[in-house]
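Convention: sequence-line order gives letters A, B, ...; per-chain numbering from 1.
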Protein chains: 2
Amino acid sequence: MQYLKIMEAINEQIDAGLLIAGNKLPAERKLAESFNTTRVTLRESLALLEAEGKLYREDRRGWFVSPEPLKYDPTYTTNFPAMAREQGRVARSQLLSAKRVPASRRAASLLQLPPLTEVYRIDRLRFLDERPVVVVTNFILPQHFPDLLDHDVTNSLTTTYREQYGVIYSKTRYRVSTTSLLGETAQALRATSGSPAMFVERLNYDQHNNLIDCDLEYWRHDAICIESLATLT
Amino acid sequence: MQYLKIMEAINEQIDAGLLIAGNKLPAERKLAESFNTTRVTLRESLALLEAEGKLYREDRRGWFVSPEPLKYDPTYTTNFPAMAREQGRVARSQLLSAKRVPASRRAASLLQLPPLTEVYRIDRLRFLDERPVVVVTNFILPQHFPDLLDHDVTNSLTTTYREQYGVIYSKTRYRVSTTSLLGETAQALRATSGSPAMFVERLNYDQHNNLIDCDLEYWRHDAICIESLATLT
DNA sequence: CAGTGGTCTAGACCACAGC
DNA sequence: CTGTGGTCTAGACCACTGA
């Protein structure tokens, strides 16, 4: 079990501070040579470290040491930039697309709509310290937000909801599971197809208990740590 | 990108019901031959499906189709057997060890104890429909539970707390992240070293807001889906 | 354009599972 | 004991990144 030894060796170098968060590792061929093994075996070790969240990969660019994960509290209404700022991180959002579309099957089922009902769909890519960490898709019920797309939808939707429409999130139903990144989502995150990911799904309700929108979030799994405090029922 | 095509092909067979939850896939060499490729490439596809939670692996036993994940609500006090029963599943627990030990560094830090303070440590393996799905380690503050180990600690700790000591969970602080299974934990779950996993950490408080114990849970990641409803603050 | 990572081949040996 | 999965080797080609 050579690949476990290699994994431990790299792990130690990270813990010892020889490999610094955000830095790129040497080329695979060089690492393989220095551990006296082949690329296949070395890549097995690297994949393991990726699964543990110690390393991440940028497609065709190489392997990097993971920074601290962002602590993400799904019961907290503050938006992504605020959450990042509170933890001393720099956030940035990029709008991928914003349009009215017939609800996809998944969206219709989540929002309890008849198939093909029109909804807003907003796709955004979010960066943490200039690293792309999550692709967020929002499906929004248009009846609560006439002309939503005339406002800023790149940054905090919660702010636009509140300031333009007087709508305040009050309740959320969330679901967290693991999956892997594929296709456009992987590309947007500069990830290789098949990279491990954390999938967060949210249904959000306003102050009158109306279902308002849903979020589908694909996170680079090393970039996030779900954390919350709950009163038990 | 052959491995993506193979992945999709197997995926379709699962969705079409040709491969049934819990069933074993054909041998890797046979699959590789039938997809006209080598084992290495085939295993790449299988690993991807494992990352997505569609398949799981039992060490040296082969690849199996994943059953529906258990919905796990960290804000719900019902114990594991009850949670499983409510979802029509059969739960079983196996005690791996129960003893008084000096707190590990991690445990001491979580429970805010000076290093090496004595605590109870209980390790359990839990099965869902006879499949081992999670290894749970509890570190318990002994001052609240004199002679705890004389009682049943294999099944529901919450029940023992309540019935023997009048202690009721009232608040929990939880954290969810992804990692990979290694060493004894992997073995107990019949998993290969490096299998992807969901890691849940909980700090539990009683009705007087005293910190009572903490949980460290390593889940086979395809066996669980975190799900909760939260009032926003 | 050089070097790198992504992908793939065609083998091999071993230890273990399960008969 | 047989077959299987776990691990590893020693290459190869291509498309892309980044200088």
Q. Nearest to the side chain of A/V40 - C/dC16, C/dC8, C/dG6?
A. C/dC8
Q) Taking atom C1' of C/dC8 as reference, at what distance in whole Å does atom CE of B/M7 sit? A) 18 Å
Q.
Just the rounded figure in Å: distance from C1' of D/dG3 to CD of B/E33.
A. 15 Å
Q: Mind calculating the distance between CZ (A/R43) and P (C/dT4) to the nearest angstrom?
A: 14 Å
Q. Think A/T192 has a side-chain N or O under 4.0 angstrom from the OP1 or OP2 of C/dG5?
A. no
**Q.** Between P of C/dT9 and CE of B/M1, the distance in whole Å
**A.** 14 Å
Q) According to a strict under-4.0 Å criterion, is A/Y3 in side-chain N/O contact with OP1 or OP2 of D/dC8? A) no
Q: In whole angstrom, give the distance that lies between atom NZ of A/K5 and atom P of D/dC8.
A: 10 Å
Q. Within the pair B/R61 and D/dG5, is there a side-chain N or O less than 4.0 Å away from OP1 or OP2?
A. no
Q | Distance test, side-chain N/O of A/T41 to OP1/OP2 of D/dT9, below 4.0 Å | A | yes
Q. In whole angstrom, what separates B/E44's CD from C/dT9's C1'?
A. 14 Å
Q) So, is B/K30 close to the D/dT4 phosphate, meaning a side-chain N or O under 4.0 Å from OP1 or OP2? A) yes
Q) Atom CD of A/E58 and atom P of C/dG6: how far apart are they, to the nearest Å? A) 11 Å
Q: Look at the side chain of A/R39 and decide which nucleotide, out of D/dT7, C/dT4, C/dT7, has an atom nearest to it.
A: C/dT7
Q. For the base of D/dG5, is there a side-chain donor-acceptor partner from B/R29 under 3.5 Å away?
A. yes
(Q) Both A/Q2 and A/R60 contact DNA chain D. Taking the nearest nucleotide for each, which residue is further toward the 5' end? (A) A/Q2
Q: Using a cut-off of strictly less than 4.0 Å, decide whether B/R190 has a side-chain nitrogen or oxygen near OP1 or OP2 of C/dA17.
A: no
Q.
Check this one for me: any side-chain N or O of B/T38 less than 4.0 Å away from OP1 or OP2 of C/dG11?
A. no
Q) Is the side chain of B/R220 donor-acceptor paired with the backbone N or O of B/R57 at a distance under 3.5 Å, no angle test? A) yes
Q: Check the side chains of A/N79 and A/N155 for a donor-acceptor pair under 3.5 angstrom, ignoring hydrogens and angles.
A: no
**Q.** Toward the 5' end of DNA chain D, by each residue's nearest nucleotide, A/N36 or A/D59
**A.** A/N36
Q. Any salt bridge between A/D73 and A/K71, counting N to O under 4.0 Å?
A. no
Q) Nearest to the side chain of A/K24, which nucleotide is it out of C/dC16, C/dG5, D/dC8? A) C/dG5
Q) Is A/E86 atom CD crowded by more than 12 heavy atoms from other residues, nucleotides or ligands, each under 6.0 Å away? A) yes
Q) Regarding A/R124 and the six-membered ring of A/F80, is the cationic atom NZ or CZ under 6.0 Å from the ring centre and inside 45° of its axis? A) no
Q) Given atom CD of B/Q187 and atom C1' of C/dA17, what is their separation to the nearest angstrom? A) 15 Å
**Q.** Given B/E28, B/E58, B/E50, the one that forms side chain to side chain donor-acceptor pair (under 3.5 Å) with B/W63
**A.** B/E28
